[in-house]
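Everything below concerns the one structure shown next.
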Amino acid sequence: MSFDHHKTLRLILGDQLNINHTWFNTVDKSITYLMMEVRSETDYSRHHIQKVIAFFASMQQFARELQEQGHQVIYMFLNDETNFHRFDQNCLYWIEKDDFTRFEYQLPDEYRVDEHLKSFVSTLTIPSKVFDTEHFYTSRKELSDLFQPPKSIVMEKFYRYMRKKHNVLMDENNKPLNGKWNFDQDNRKKIPKSHKIISPLLFSTNLKPIESEIIKSNIVTIGSVDSEHFIWPISRAQSLQLLDFFANHCLQYFGSFQDAMAPNEWSIYHSRLSYSLNIKLISPKEVIDKVVEVYDQHQTEIEYHQVEGFVRQIIGWREYMRGIYWLNMPKFASLNFFNHTTKLPSWFWTGETKMTCLSSAINQSLDFAYAHHIQRLMITGNFALLAGVHPDDVDDWYLGIYIDAIEWVEITNTRGMSQFADGGIVGTKPYVSSASYINKMSSYCESCYYNASLKTGDKACPFNSLYWNFFEKQEERLSNNPRLGMMYSVWKKMNPSVKKEILNQAEYYLNHINEL
Ligand code: FAD
Ligand code: DLZ
């Protein structure tokens with residue numbers, strides 16, 4: 001029997017489902033874990049229905065696993081009578097009701113929630129403590145500490161630092177395997193007509209009861225779901241199964257087809273591990289270790305560039321974006337370098353557009369709460385930037401629609417990498433393209449109403465005129481960018497009457513944006 005009268009309440013957020021956290025190493029009856037389904041989180045953005053279901057299902061499963069291990073858990077369901085639907089008020093309710101003498105929580109990944117909980121604990125009369133989530137390779141400040149001004153923060157340099165520090169794909173002389181850090185030039189293949197893509201591993205969990213609760217509480221969501229056969233992993237066991245499937249079946253093609261796109265192929269060889277990673281059902285180290293292990297065992301079948309390309313996403317881009325987020329929030333969330341003001345076209349919410357690439361990327365996002373990186377960047381993101389959509393609107397769409405969307409990784413990718421609204425914090429130039437890139441990397445254009453090779457006329461692909469229009473309009477802001485010099489010189493050399501026709505075409509499309 002314990003004579004310690006301390007009673008500790010520990011909050012676990014919906015994206016903190018790390019069963020390997022040291023918190024859970026020992027069962028301690030003086031500690032109670034608190035998890036809650038709350039409207040503050042379901043309503044801060046209009047989320048995809050699959051995202052809300054996935055979060056609740058994963059949280060409920062995690063609570064069950066903790067209880068099975070002997071931990072004490074309070075789980076507040078969405079429609080519980082006593083649920084104040086805010087983290088602070090629910091915590092306070094339990095602290096007062098059950099006489100807790102300490103409050104503890106883990107560092108939230110999102111600035112909004114971080115501020116909320118900091119403010120909450122500052123009002124408490126009992127001691128509180130915050131713990132690391134023990135998930136990421138890097139701390140919140142590691143990236144910014146590494147690149148103190150006047151050094152600029154360059155992803156490639158950070159990536160090399162991470163490879164060395166964590167000894168990933170390094171040889172015995174501490175040099176990168178195969179003599180080079182980055183094999184990106186091998187990773188730009190279109191899918192050959194003869195190539196049959198392996199079907200993705202989909203789960204089939206019955207989550208109908210959770211969907212019913214969400215409907216009952218009138219939460220406004222987007223997209224569709226077959227909740228009796230829910231396809232996303234919602235437990236650690238399923239997440240590990242998906243990792244295993246990726247490493248054994250998809251890794252060998254990952255790099256080659258990383259930038260490829262095709263209608264009706266919604267994930268190609270992408271891992272679809274972002275949801276499991278972001279809610280911490282699995283750790284980035286587990287993913288890296290598994291992938292490197294499978295590569296080591298199958299070096300004759302798996303080319304090196306396939307693996308390097310994947311490793312770069314996890315220890316490079318993912319950790320880099322987290323560092324960028326904590327260095328630049330909250331000001332990052334209001335940056336609008338181009339002063340864009342256009343509203344997002346209405347068909348972003350329905351998929352009803354004649355452009356096959358956009359219709360495919362948006363429809364699959366509505367159907368699966370997922371699009372792979374190059375669709376997010378070079379189809380939907382590219383269009384929104386060329387059309388001059390306000391970054392708030394673009395962020396709102398990305399934050400809601402994807403199963404993996406949590407602000408730290410959504411906003412840095414959307415406002416930063418994709419919309420260049422940060423003026424160059426994340427990338428050195430805007431990611432925009434005309435139809436020729438889309439045609440090169442996909443088979444979308446083959447079945448499109450528009451013609452990828454036309455710049456003007458009824459059938460001209462909108463990406464073409466919008467592309468040149470964007471550069472023309474942004475000349476003051478962009479023409480000094482050394483990476484865009486060649487592009488500006490092509491535009492300047494173009495026949496003035498052709499240029500005028502292109503700009504007129506763009507204006508027509510922008511004026512009829514909802515009808516494209
Ligand atoms: P894979 O292609 O299999 O890559 C493996 C893993 O690498 C991913 O699971 C992810 O954890 C990581 N990764 C890859 N690219 C990035 C990147 N650019 N930044 C951070 N991590 C990366 N990712 C999110 O997790 N949440 C988001 O809300 C999100 N929003 C995005 C918005 C835009 C406009 C863009 C261009 C990208 C966004 N990304 C986001 C990054 C990337 O597109 C997704 O991580 C990826 O598509 C998830 O699918 P996957 O797991 O199959 O990835
Ligand atoms: C995304 C999400 C949703 C939809 N619902 C909940 C919830 O009801 N309870 C909860 O604890 N977390 C939820 N989340 C995840 C949080 O928004 C996330 O933990 C914060 O944004 C911190 O990153």
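Atoms within each ligand, like the ligands themselves, are counted from 1 in listed order.
Remark: ligand 1 and Asn413 share an N or O pair separated by less than 3.5 Å (distance only, no angle test). The shortest N/O to N/O separation between His372 and ligand 1 does not fall below 3.5 Å. Considering both main-chain and side-chain atoms, Leu377 never comes within under 3.5 Å of ligand 1 through any nitrogen or oxygen pair.
Considering Arg376, Arg415, His270 only, the shortest heavy-atom separation from atom 46 (C) of ligand 1 involves Arg376.
Side chain of Arg39 to backbone of Ser217: a donor-acceptor contact under 3.5 angstrom is found.
Not counting sequence neighbours, the partners of Ser224 by the side chain to side chain contact (heavy atoms under 4.5 Å, CB included) test are Asp367. Applying the salt bridge (charged side-chain N to carboxylate O under 4.0 Å, His left out) rule to Lys290 yields the partners Asp244; only residues at least two apart in sequence or on another chain are considered. The salt bridge (charged side-chain N to carboxylate O under 4.0 Å, His left out) test applied to Arg160 returns Glu156, not counting sequence neighbours.
At least one heavy atom of Ala371 sits less than 4.0 Å from an atom of ligand 1.
Residue Phe310 touches ligand 1 through its side chain alone, judged by heavy-atom distances below 4.0 Å.
Between Glu134 and Lys285, none of the side-chain N atoms (NZ, or NE/NH1/NH2) sits under 4.0 Å from a carboxylate O, so this pair counts as no salt bridge.
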For ligand 2, run through the N/O pairs with the protein that fall under 3.5 Å and put one pair on each line.
from     : atom 1 : to     : atom 2 : distance (Å)
ligand 2 : 8 (O)  : Val38  : N      : 2.9
ligand 2 : 9 (N)  : Met36  : O      : 2.8
ligand 2 : 11 (O) : Gly14  : N      : 2.9
ligand 2 : 12 (N) : Gly14  : N      : 3.3
ligand 2 : 17 (O) : Glu41  : OE1    : 2.6
ligand 2 : 19 (O) : Asp15  : OD1    : 2.7
ligand 2 : 21 (O) : Glu110 : OE1    : 2.2
ligand 2 : 23 (O) : Asp15  : OD2    : 2.6

